[in-house]
Structures are given as C-alpha cells and as structure tokens.
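Structure first, commentary second.
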Amino acid sequence: MDVAEYLVDGAVILPLVVGFLLWGYIQVHRRQQLNALKANLPPCHSGWIPFLGCAISFGKEPLMYIKKINDELGPVFTLYITGNRMTYLTEEEDYSKYFLQSEYVDFQKAVHLFVANAADISSESFMTYHTSIHDMVKGKLATQFLPEHSVNLTKLFGNRIRQIQPEGKVELNEFLRMVLYPCVISDLFGKETLDKQNDEKSIRQLMEKFVEYDDQFEYGTQIPQIFLRKWASAKHWLLNMFKDGILQVKSDDKTVLRSLKDTVDEKHSANYGLLMLWASLANAIPVAFWTVALVLHTPEVHEKVKSVIADTLNLSVEPEFTEQVLHKLKYIRCCFLEAIRIRSPGVIIRMVIKPFQVKGYTVPAGDLLMLSPYWAHRNETFFPEPERFYPERWIKCDFSKNEFLPGFVAFGGGRYMCPGRWYALMELHILISLLFYKFDMKLEGKLPNHNIMHLVGVQQPDDQCYINMQPRS
Ligand code: HEM
C-alpha cells in the first residue's frame, strides 16, 4: 500500500483530522497565553505561513538558517516552526547559565515525542525509566571500567581489520562502518547476543539497515512513519534483531544490554536497545570518518600523526593501548577532538519549564530551548580560525584530568550530558591510532563536504570518500 492509499483510508483520515483540529486549538490557546504574559519575548522569526511558520525556508538549509537568523536578530531569537517556538541561545554565558541548568529546563519533556517516533517507546515508559537508563549507562561506561573495554576493543578491532584486509582503493565510510559495527556491538551488547553479526553477509545486512535508519532518523523522529516506509521497515528489522537478542541475554553476562534489560519495562527492552545502538554508533562513526579524512587532507598534521605513531608504537609487536601508551599518543586525541569540534551536532534541545530573563527578554515556559554545538564551536573567542582543522589548539588540555577546551559542548551538558563520552574517546583513540599504525593511507580525490541538511548528531559526509590503504610492513 502506498502513501496515497493510506490517505484515503478512513481509519487514517479521521485521527489525522481530529489531531489537526486539536493541534490548531492548542496553538491558538498558547498564543493567547503568551499575549496575556505581556512579556518582552525574544525576537521571533515566524515566516508568513500561519502555523507552518518558517518551516519551509528552515527546511531548505537548516544549519545555515540558524546562523542567518542569528546574524539578523541577535544572540537570543526564536524560530516559529510547525507550532513550536524554538528559542536559540548563542552566547556561551547564556547557554551555560540556562541551557545547562535543570532548574530552568527539562530534557525528557523536550525529547519524549521524538523518542516515541524513533523507537516506538511510549512517553509514559520514557518518563518512568529515562533517568535510570542514563545513570546505568553512565555507570557502566565510567572511566574506571574503560581499561577492560580498551583491552577487548583492541583485540576486536585488530581481528576485524585482519578479516577485512583492506588494501588499495577503499571507501572510507563503508570501511569504518564494517569495522565499528560488529566490534562495538560485541563489546557493548555481547558477542553472542546479537548473533546475526557473525558472518559477513549478516554484518553487511545490519550495516545497510542501520544506515537507512540513521540516514532518516531526524525525519523519523518527527514525521508519521507512513510517510517514511523504508525508514520504518529498517526500524522494525532492527527492533526484531533486538527482540531476538534480548531473549539470548544470559543472567550472568555483564553487558550494557543485560543492564538495560534489568532497568526497563519488559515490553520496551528491545526498543531501548535500539536507541542505545543508535546512540553508540551514530556519532562515533562520522567522527572516525572526519578524523581520518581531515588528517589525510592536512599534510602537516598527517606528518605529525605518522611521527607520533612511529615514536610510540613498535611495528614488530601488536600494540597494547594502556593508559601510558594513550598518554604518549596525546596528539591523536587532539586530532579527533578537533574533528568532533568542527563537525559537531547541529542542535541539542531542552524544554523551558521555568521562565527566565536573558539579555532583557523573557523566555517563557513551554518554549523549546536550543543550543547549536556546531555554531558554538565557531565562536572565535574560544576557537580562533574556527574553520581551520588545527589539532594543536587542544595540546594545552590536561587529558589526565579529562579536560576539554572552554566553549566545547559537543557532548551536551548538565544532568543529561552524553553518558558515553569517555567510552567514545577511548574507542576513537584506539581505532584511529591502530589505523595509522597498520596502514599508509592517502586521499584519492577530493575531501567531501559535510551534509548541512541534518541537525541531529555529527554531520555526515555529503559524498563518498576514497582513500588508498597500504598495509605497513
Ligand atoms: C564522538 C561521539 C559522540 C558524540 C559527539 C556524542 C554526543 C552526544 C550528545 C550531544 C548527546 C545529547 C546530550 C545533551 O542533550 O546534553 C548525547 C547523548 C547520548 N549519548 Fe552520546 N555522543 C557520542 C558517542 C556516544 C557513545 C559512543 C555512546 C555509547 C556508548 C553514547 C551514548 C549516549 C546516550 C545513551 C545518550 C542519551 C543520554 C540521555 O538520554 O540521557 N554517545 N551524545
């Protein structure tokens, strides 16, 4: 059945009409409430189409549109889009004070409807279990548990690279996916749990389904799935994989999947598994991609990476990535932090629950509060020459104290900051070091641009990227 058939089906039309009327009523009511406040609201860009607001212009170039309106309206502004007021804070002093403080904002209220669409999790379940899940993930992936994961991942990455045996012209994104999917899934969810990963055909199928799911994720969180049939089918495929996987979880295993199963309601355990899978791969893969691509594209950085690897790792012995070795490979960490900075998520989001005053404006409760790490990382006060890929800017950070540069917000902030960040940094440190240790690599052709159409997560490349890989002997 295609979309047109769905639309003439009365079972679909009636709820749509009722939903639309209800939504219209809520909008009028909210507008009246805001007028009654008589507050000095931030300047608002609402376009000329009632209710749709500036959705059409925004949708054409979302990332660039944020900057354009920021330049027009100043550091605090609101975009009115399909009935939602989205208020952006663009100055560090403002987002540190309000976005990152749970007194004024709420994470769950901002995202529960997106989660419902993304993974078929009811708002009731999400509101009940979200904090426990966050704390569980944070605990399981805390820095004191990383050495264990580091040993396991080093082994898994090494074996997987030997299995794939890349040589000659390789599409970088696909290669990284083929390495990262099975290794991260095995490390976080268990070797046998998602057993479909074990042969090459199943890994490729999983990759294709995940790419479809990830590619349209942003739309899938907002648009009814009858309009995104391929995306919905990939989602159901992945959900079924988790439903089977959850049944295989053994009572004595120590994986994140096992802890997730123990934390949430049985009905939704596979659904939370899918969300966790997305969170653990959707950003890490493009970051690995941009790190390798940008290093290869910047000769002076590439030379330095090769010399740091040569000085630290002995070609005749398989490397072990202990804390001391990673400390010596500090420059590699600078490289991928710089890749994260320059390709950071387009937006992160909260809901205002307590009105606050900023720059003389009142931001009312009910607004979605928006922060753009992508644009925050182009603030010249914190990041001079912001468009330059310049890993040296990170050298002054003391990584043994888990420092980031001031103004860096790629992992969000406050109570619900990314709970997988230390795991992500460890996994990237090992993978990137291993690749430059095992291969001589160079770019074949041009470096792709980043896709500026997506706001959720790290930007993807807008085209394929070929590199030449030669095993080092
Ligand atoms: C470089 C890679 C990564 C980046 C840039 C990144 C970034 C983010 C950001 C911006 C958020 C939202 C935080 C907020 O709104 O304040 C987030 C949430 C999250 N991240 Fe990451 N992340 C990365 C890797 C990972 C990895 C490897 C994992 C797991 C192993 C992970 C697990 C999560 C989870 C579970 C959440 C949701 C937290 C919640 O709902 O409370 N992330 N991440």
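Read the numbers this way: they start at 1 and go in the same order the structure lists the ligands and their atoms.
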Which one of [options] has a non-hydrogen atom at the shortest distance from [atom]?
{"atom": "atom 30 (C) of ligand 1", "options": "L428, L371, L141, L277", "answer": "L141"}
{"atom": "atom 13 (C) of ligand 1", "options": "F126, W278, Y416, F107", "answer": "Y416"}
{"atom": "atom 41 (O) of ligand 1", "options": "H134, R415, R350, E427", "answer": "H134"}

Test ring pair (Phe, Tyr, Trp, His ring centres under 6.0 Å) applied to W375 - qualifying residues, sequence neighbours left out: none
The criterion is ring pair (Phe, Tyr, Trp, His ring centres under 6.0 Å); which residues satisfy it with Y272, sequence neighbours excluded? none
In the protein, which heavy atom is nearest to [atom], and how far is it?
{"atom": "atom 12 (C) of ligand 1", "answer": "I348 CG2, 4.3 Å"}
{"atom": "atom 7 (C) of ligand 1", "answer": "A410 O, 3.5 Å"}
{"atom": "atom 39 (C) of ligand 1", "answer": "H130 NE2, 3.2 Å"}

Does atom CD of Q222 have more than 12 heavy-atom neighbours from other groups under 6.0 Å away? yes
Check this for me: E323, atom CD, are more than 12 non-hydrogen atoms of other residues, nucleotides or ligands nearer than 6.0 Å? no
For ligand 1, find out whether one of its N or O atoms is nearer than 3.5 Å to an N or O atom of V287. no
Applying side-chain hydrogen bond (donor to acceptor under 3.5 Å, both in side chains), which residue pairs with at least one partner in residues 286-300 are found, sequence neighbours left out? none
Test item: S96 side-chain N/O and E93 main-chain N/O as donor-acceptor pair under 3.5 Å: no
Please state which part of L188 comes within less than 4.0 Å of ligand 1, counting heavy atoms only: side chain, backbone, both or neither. side chain
Of V325, L434, L329, the one forming a side chain to side chain contact (heavy atoms under 4.5 Å, CB included) with P319 is L434
Would you mind running through ligand 1 and noting each atom that sits below 4.0 Å from a heavy atom of Y423? 30 (C)
If you count the atoms of ligand 1 from 1 in the order shown, which ones are under 4.0 Å from a heavy atom of G413? 16 (O)
Is it possible for you to check whether K330 lies under 6.0 Å from the centre of the six-membered ring of F399, through NZ or CZ, and within 45° of that ring's axis? yes
Within 45° of the axis and under 6.0 Å from the centre of the six-membered ring of Y390, does NZ or CZ of R388 qualify? yes
Atom 21 (Fe) of ligand 1: protein N, O or S atoms [distance under 2.8 Å]: C418 SG
What orientation do Y98 and F356 show, parallel under 30°, tilted 30 to 60°, or perpendicular over 60°? parallel
From the list Q108, H134, K138, side chain to side chain donor-acceptor pair (under 3.5 Å) with Y416 holds only for Q108
